[in-house]
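Structure, as structure tokens:
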Amino acid sequence: MRPISAEHSVESITAWLTERFAGYARRAVEDIDPQRPFADYGLDSVGAMSLAVDIEDHFGVEIDAEEMWNHPSPAALGELLTGKLAGT
């Protein structure tokens, strides 16, 4: 198992997801609660797929629709990505 670097900590990944998502939601980053579901901010399937593509481009990790559904907030998705990047 690879150690998680500061670049790939839960906090840094959640912050990145929150920032990226804020752009899709057309809101200021500080208006996004990382614990709230994406759907509360109006994320649709097109936005979810766009976010998944951004994740793959940035982290080199694929996220499928089921994983997005099961990890419906920046914080939950950050936890999933941290595990994937750590190889767990």
Side-chain angles (χ1 to χ4, degrees):
M1 176 168 43
R2 279 185 306 201
I4 298 173
S5 69
E7 177 185 3
H8 293 136
S9 68
V10 173
E11 294 80 13
S12 67
I13 292 172
T14 299
W16 183 89
L17 288 166
T18 302
E19 182 178 319
R20 184 59 89 184
F21 173 67
Y24 287 119
R26 294 185 174 96
R27 295 180 184 238
V29 174
E30 52 273 358
D31 293 340
I32 304 294
D33 177 353
Q35 302 297 325
R36 275 184 69 190
F38 295 117
D40 286 359
Y41 297 99
L43 183 68
D44 60 12
S45 59
V46 172
M49 292 312 303
S50 296
L51 184 57
V53 168
D54 289 346
I55 290 166
E56 184 175 353
D57 289 347
H58 187 80
F59 296 103
V61 174
E62 290 186 30
I63 299 293
D64 63 34
E66 184 176 349
E67 289 172 318
M68 290 288 288
W69 179 261
N70 290 330
H71 300 86
S73 71
L77 197 51
E79 290 278 345
L80 173 70
L81 283 172
T82 302
K84 284 185 170 234
L85 290 167
T88 59

Check side chain to side chain contact (heavy atoms under 4.5 Å, CB included) between [X] and all other residues, then give those that pass, not counting sequence neighbours.
X: V29; value: T18, E19, A22
X: D64; value: E66, E67
X: D40; value: R36, P37

Next on the checklist: For L81 and H71: C-alpha separation, side-chain torsions, deciding distance, then whether side-chain contact (heavy atoms from CB on, under 4.5 Å) applies.
Outcome noted: CA-CA 10 Å; L81 283 172; H71 300 86; over 6 Å; no
Item to check | Considering all heavy atoms, the nearest G78-I13 contact | outcome: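 Closest pair (atom of G78, atom of I13, distance): CA-CG2, 3.8 Å.
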To the nearest 0.5 Å, how far apart are [atom1] in [X] and [atom2] in [Y]?
X: M49; Y: D54; atom1: CE; atom2: CG; value: 11.0 Å
X: L80; Y: I63; atom1: CG; atom2: CD1; value: 4.5 Å
X: I55; Y: L17; atom1: CD1; atom2: CG; value: 5.0 Å
X: L43; Y: S73; atom1: CG; atom2: OG; value: 11.5 Å
X: T14; Y: F21; atom1: OG1; atom2: CZ; value: 13.5 Å

Item to check | Any donor-acceptor N/O pair, Y41 side chain to D33 backbone, under 3.5 Å | outcome: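 Yes; judged by distance alone, with no hydrogens or angles, the pair exists.
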Next on the checklist: Other residues, nucleotides and ligands only: do more than 12 of their heavy atoms fall within 6.0 Å of CD on E56?
Outcome noted: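 Yes - once you tally the heavy atoms of other residues, nucleotides and ligands closer than 6.0 Å, there are more than 12.
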Checklist entry - Aromatic rings W16 and H58: how do their planes relate, parallel, tilted or perpendicular, breaks at 30° and 60°? => result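 Answer is parallel, since the angle falls under 30°.
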Checklist entry - side-chain contact (heavy atoms from CB on, under 4.5 Å) between H8 and T82: does it pass, once the steps are laid out? => result CA-CA 6 Å; H8 293 136; T82 302; over 6 Å; no
Next on the checklist: If you apply the rule side-chain contact (heavy atoms from CB on, under 4.5 Å), what do you find for M68 with L51, and how did you get there?
Outcome noted: CA-CA 9 Å; M68 290 288 288; L51 184 57; 4.0 Å; yes
